[in-house]
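By convention in this document, chain letters (A, B, ...) are assigned in the order of the sequence lines, proteins followed by strands, and residues within each chain are numbered from 1.
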Protein chains: 2
Amino acid sequence: MKRKRLEADPCPVARSLDAIGDWWSLMIIRDAFDGLSRFGEFQKSLGLAKNILAARLRTLTERGILAVEPGAEGGAYHHYVLTEKGRGLFLVMVALRQWGEATFYAPGEPHSTLRDTQTGDEVRRLTLYSADGRALRAGDAVVRKV
Amino acid sequence: MKRKRLEADPCPVARSLDAIGDWWSLMIIRDAFDGLSRFGEFQKSLGLAKNILAARLRTLTERGILAVEPGAEGGAYHHYVLTEKGRGLFLVMVALRQWGEATFYAPGEPHSTLRDTQTGDEVRRLTLYSADGRALRAGDAVVRKV
DNA sequence: CCGTATCCATTCCGATACTG
DNA sequence: CAGTATCGGAATGGATACGG
């Protein structure tokens with residue numbers, strides 16, 4: 001899966017992608033945010049081979065993004081749940097979702113939506129703000145190398 | 001690169017990942033946001049094989065995320081620049097960056113930073129808001145299937 | 001139901017050589 | 001400098017069979 005270890009890269013984007021930047025890992029994390037936690041649930045949802053799923057769950061666990069918890073009701077089988085670090089990927093998922101909504105769907109074409117738990121309304125679009133509160137767009141911010 | 005086409009998937013996250021959810025594509029897009037545009041610039045920055053880079057640039061162009069522009073000063077060689085669709089990935093990159101900053105760096109460890117072009121200050125942390133203006137965290141929003 | 005192990009086809013990726 | 005062509009090793013991914 002890895003071309004080269006980038007754990008020491010000075011760019012946070014590179015380190016993030018080093019940890020979760022492959023297709024199946026991102027899809028597993030998406031499903032985990034949707035509440036899936038069991039091996040079979042992921043497999044059914046994603047339709048990938050079991051050996052691949054097992055490998056991905058293992059590396060995600062090793063990297064502290066998922067954690068293994070004992071089965072709830074005395075069941076023999078355990079659950080894979082997002083850790084605090086894993087839940088930190090929430091906004092990455094939201095950003096991917098909103099880009100997909102804006103880019104790949106014709107007006108009126110149905111798709112799943114992200115909704116406020118309290119009210120059931122759709123959430124707002126993500127916005128980046130400057131320190132003094134101006135909304136920033138792609139050209140309004142630049143990366144400063146270390 | 002593709003296990004299965006998910007262009008028709010009802011989940012926007014899946015469609016997004018289908019388009020850009022591999023490691024090198026994300027890194028190329030990162031560099032494109034940093035202003036790189038020439039073949040050799042990407043190759044030097046990323047250190048990947050030229051055939052792989054050529055293949056990625058081709059698919060990103062086919063998918064409308066990058067566009068080929070003629071060389072600026074009458075130069076023979078063209079540039080790869082983000083399209084409007086590609087610039088829409090700005091918040092995805094910001095989210096990946098902020099997660100990486102929070103997750104992989106020890107306090108005080110230096111890393112590149114994202115700064116407001118006008119003031120030079122670091123940008124705020126991304127925040128998701130509900131329709132009525134409450135800040136939402138991971139558990140406060142759920143995906144409603146179509 | 002949850003995984004591991006194995007086999008096999010495909011793809012990825014790096015390195016190199018070659019053309020314009 | 002900007003690619004294309006090719007080769008070989010490694011990893012991916014699907015399918016299946018097997019044990020807890």
Side-chain angles (χ1 to χ4, degrees), chain A residues 1-7 9 14 17-32 35-63 66-81, chain B residues 1-7 9 14 17-32 35-63 66-81:
Chain A
M1 176 165 55
K2 285 308 124 188
R3 10 279 143 174
K4 189 177 299 184
R5 304 274 45 188
L6 289 183
E7 295 160 350
D9 197 280
L17 292 177
D18 195 48
I20 50 117
D22 77 284
W23 205 82
W24 287 127
S25 294
L26 262 340
M27 289 294 282
I28 290 168
I29 291 165
R30 180 201 67 164
D31 277 356
L36 303 197
S37 70
R38 295 251 303 268
F39 188 94
E41 291 176 325
F42 289 116
Q43 214 223 335
K44 182 181 174 191
S45 166
L46 301 175
L48 82 175
K50 291 198 285 189
N51 50 356
I52 302 294
L53 176 57
R56 288 296 187 285
L57 290 174
R58 191 181 323 118
T59 66
L60 286 172
T61 302
E62 286 170 359
R63 292 172 181 177
L66 295 178
V68 180
E69 292 192 349
E73 65 301 320
Y77 307 120
H78 48 254
H79 294 244
Y80 298 91
V81 298
Chain B
M1 176 164 56
K2 284 310 123 187
R3 12 277 142 176
K4 190 178 298 186
R5 304 275 45 189
L6 289 183
E7 295 161 349
D9 197 278
L17 293 177
D18 194 50
I20 50 116
D22 78 284
W23 205 83
W24 285 127
S25 294
L26 263 338
M27 290 294 280
I28 290 168
I29 292 165
R30 178 202 69 164
D31 277 357
L36 303 197
S37 69
R38 295 253 300 267
F39 188 94
E41 292 176 327
F42 290 116
Q43 214 223 333
K44 182 180 175 192
S45 167
L46 301 175
L48 82 176
K50 292 200 282 189
N51 50 357
I52 302 294
L53 175 57
R56 287 296 187 284
L57 290 173
R58 191 180 324 117
T59 64
L60 287 171
T61 302
E62 287 169 358
R63 292 172 183 177
L66 295 178
V68 180
E69 291 191 350
E73 66 302 318
Y77 305 120
H78 48 253
H79 293 245
Y80 298 90
V81 298

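Rounded to the nearest 0.5 Å, atoms CG (A:Leu26) and CZ (A:Arg56) are 11.0 Å apart. Rounding to the nearest 0.5 Å gives a distance of 8.5 Å between CG of B:Leu66 and OG1 of B:Thr59. Atom CH2 of B:Trp24 sits about 9.5 Å away from atom CZ of B:Arg30, to the nearest 0.5 Å. Here B:Gln43 contributes atom CD and B:Ile28 contributes atom CD1; the two are 11.0 Å apart, rounded to the nearest 0.5 Å. In this structure, CZ in A:Arg38 is found 12.0 Å from NZ in A:Lys44, a value given to the nearest 0.5 Å. Distance CG/B:Leu57 to CD/B:Glu62: 11.0 Å, rounded to 0.5 Å.
For the pair B:Asp22 CG and D:dT12 P, the interatomic distance rounds to 13 Å; values are reported in whole Å. Between the CG atom of A:Leu53 and the C1' atom of D:dG14 there is a distance of 13 Å, given to the nearest Å. The separation between B:Glu41 atom CD and D:dG3 atom P is 12 Å, rounded to whole Å. Distance B:Arg56 CZ to D:dA2 C1': 19 Å, rounded to the nearest Å. Atom pair A:Gln43:CD and C:dC2:P shows a separation of 9 Å (rounding to whole Å applied). In this entry the distance linking CD of A:Glu69 with C1' of C:dC2 reads 17 Å, nearest Å. Summarising the geometry, the separation between CH2 on A:Trp23 and P on C:dC12 is reported as 14 Å, rounded to the nearest angstrom. One atom, NE2 of B:His79, and another, P of D:dA2, lie 9 Å apart when rounded to the nearest Å.
Nucleic acid contact class of B:Leu48 (heavy atoms, under 4.0 Å, all strands): sugar-phosphate only. Residue A:Tyr80 is in sugar-phosphate contact alone, with no base atom involved, counting any heavy-atom pair closer than 4.0 Å across all strands shown.
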Derivation of the side chain to side chain contact (heavy atoms under 4.5 Å, CB included) call for B:Ile29 and B:Leu60 = CA-CA 9 Å; B:Ile29 292 165; B:Leu60 287 171; 4.3 Å; yes
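Contact annotation: A:Arg38 does not reach the phosphate of C:dC1 (side-chain N/O to OP1 or OP2, under 4.0 Å). At the phosphate of D:dG13, OP1 or OP2 sits under 4.0 Å from a side-chain N or O atom of A:Trp24.
Note on the helix from C:dG3-D:dC18 to C:dG20-D:dC1: terminal axis deviation equals 30°, with five pairs used at each end and the result rounded to 10°.
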Quick one: which protein N/O atoms are closer than 3.5 Å to N/O atoms of nucleotides 4-9 of chain D? Pair and distance per line, please.
unit_1: D:dT6; atom_1: O4; unit_2: B:Asn51; atom_2: ND2; d: 2.7

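In this structure, the side chain of B:Trp23 engages the main chain of A:Leu17 through a donor-acceptor pair within 3.5 Å.
By the ring pair (Phe, Tyr, Trp, His ring centres under 6.0 Å) test, A:Tyr80 pairs with A:His78, sequence neighbours left out.
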